[in-house]
Amino acid sequence: MRYLVTGGAGYVGSHLVAEIRDRGGEVVVVDNFVTGHRDAVLPGVRLVEGDVGDAATLQAALAFGPFEAVFHFAARSLVGESMRDPMLYFRENVGKGAILIDSCVRGGVRKFVFSSTAALFGVPGEGPIGETAPIAPVSVYGESKAMIERMLAWAGRVHGLRVACLRYFNAAGADAAGRLGEDHRPETHLIPLAIDAALGRRPPLEVFGTDFPTPDGTCIRDYIHVADLADAHLRVLTRLDAGSVAYNLGTGRGHSVLEVLRAVEAVGGRAVPHCLAGRRAGDPANLVASSARIAAETGWAPRRAALEAIVASAWAWRVAHPDGFAA
Ligand code: UDP
């Protein structure tokens with residue numbers, strides 16, 4: 001089986017590529033290395049360096065097909081940046097997304113798996129968030145992903161493209177074999193920041209908000225291991241034979257910021273220096289997925305759901321790669 005992966009040098013994309021390789025599949029990666037890392041492209045993976053908004057790059061990549069499916073990860077993904085420069089996100093994510101979808105349809109691609117986000121749901125109501133929750137993003141980033149989901153729905157209706165939209169909650173953790181891990185620049189995510197604070201490689205972590213309506217006052221999120229996300233991507237392919245789908249992907253269990261800090265301390269055996277700070281704009285109190293639908297329809301279940309296991313894999317990668325991938 002051969003697959004095309006856009007953004008295959010990025011965090012979640014590279015872990016999917018590793019999973020495909022480990023299962024004996026072939027991969028062609030398209031990446032422009034704006035946020036991806038060259039060292040995250042594993043040996044044996046064919047690389048087409050370029051942009052998903054560039055038709056010639058896509059033509060070159062699609063020429064290595066036919067592909068069983070296209071997995072689309074390449075995107076800008078910083079909420080704060082999207083609110084400072086909205087048109088960047090519409091151009092990069094939506095405009096280039098349209099070019100990619102068009103090239104795929106013309107190139108005879110039948111299955112398309114899209115890297116979507118819990119940010120679609122904005123500030124949702126109480127309880128685990130299922131697929132019927134209203135799509136009401138409160139950031140341009142979330143809006144850009146919602147718009148791509150809509151474009152894909154039309155590509156399905158008009159061209160018969162089979163689409164899986166996978167809304168990730170908080171992707172975390174690292175490759176069990178130690179080949180890959182999280183390396184965003186700048187890093188904004190809680191677990192890698194807490195690990196670096198514990199390792200003394202960053203100033204104390206700021207806990208953003210202690211007055212949320214949660215048991216300890218800090219925000220609750222659903223952290224899901226990247227390898228479990230990768231597994232979900234491959235499981236939905238069979239399900240696509242029966243039609244397009246959208247799934248929310250999490251463990252169904254939330255953890256507060258303070259619980260994450262305690263998990264990092266337990267795993268690392270040292271304190272996480274931190275201070276209590278004000279809320280970060282746009283943070284909902286509680287985001288936990290209901291993944292009942294993908295479980296029922298594909299048999300998927302997170303196998304590394306325990307927070308300490310997720311943190312332990314992230315810790316191991318960071319200790320082995322304190323500066324991340326080579327610059
Ligand atoms: N967070 C924090 N301090 C930080 C980074 C994040 O308290 O330095 C909190 C953030 O407010 C949120 C949770 O940790 O409640 C997870 O944030 P992250 O940016 O990792 O993911 P998000 O949920 O925003 O996608």
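Read the numbers this way: they start at 1 and go in the same order the structure lists the ligands and their atoms. Computed over heavy atoms, backbone and side chain alike; hydrogens, waters and symmetry mates excluded.
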message: With a 4.0 Å heavy-atom cut-off, what residues sit around ligand 1?
response: N170, T188, H189, L190, L193, L205, E206, V207, F208, C219, R221, Y223, V257, R280, D283
message: Salt bridge or not between R253 and D222? Use side-chain N to carboxylate O under 4.0 Å.
response: no
- line: Contacts of H159 meeting side-chain contact (heavy atoms from CB on, under 4.5 Å) (sequence neighbours excluded), chain-then-number -> V105
- prompt: Less than 4.5 Å apart, any side-chain heavy atom of F64 and any of R46?
  reply: yes
field: side-chain contact (heavy atoms from CB on, under 4.5 Å) involving P66 - partner list, sequence neighbours excluded
entry: none
task: Taking side-chain contact (heavy atoms from CB on, under 4.5 Å) as the test, write out the residues that go with T298, two or more places apart.
output: R235, R239, Y247, I294, W300
field: Ion pair check, R150 and E143, cut-off under 4.0 Å
entry: no
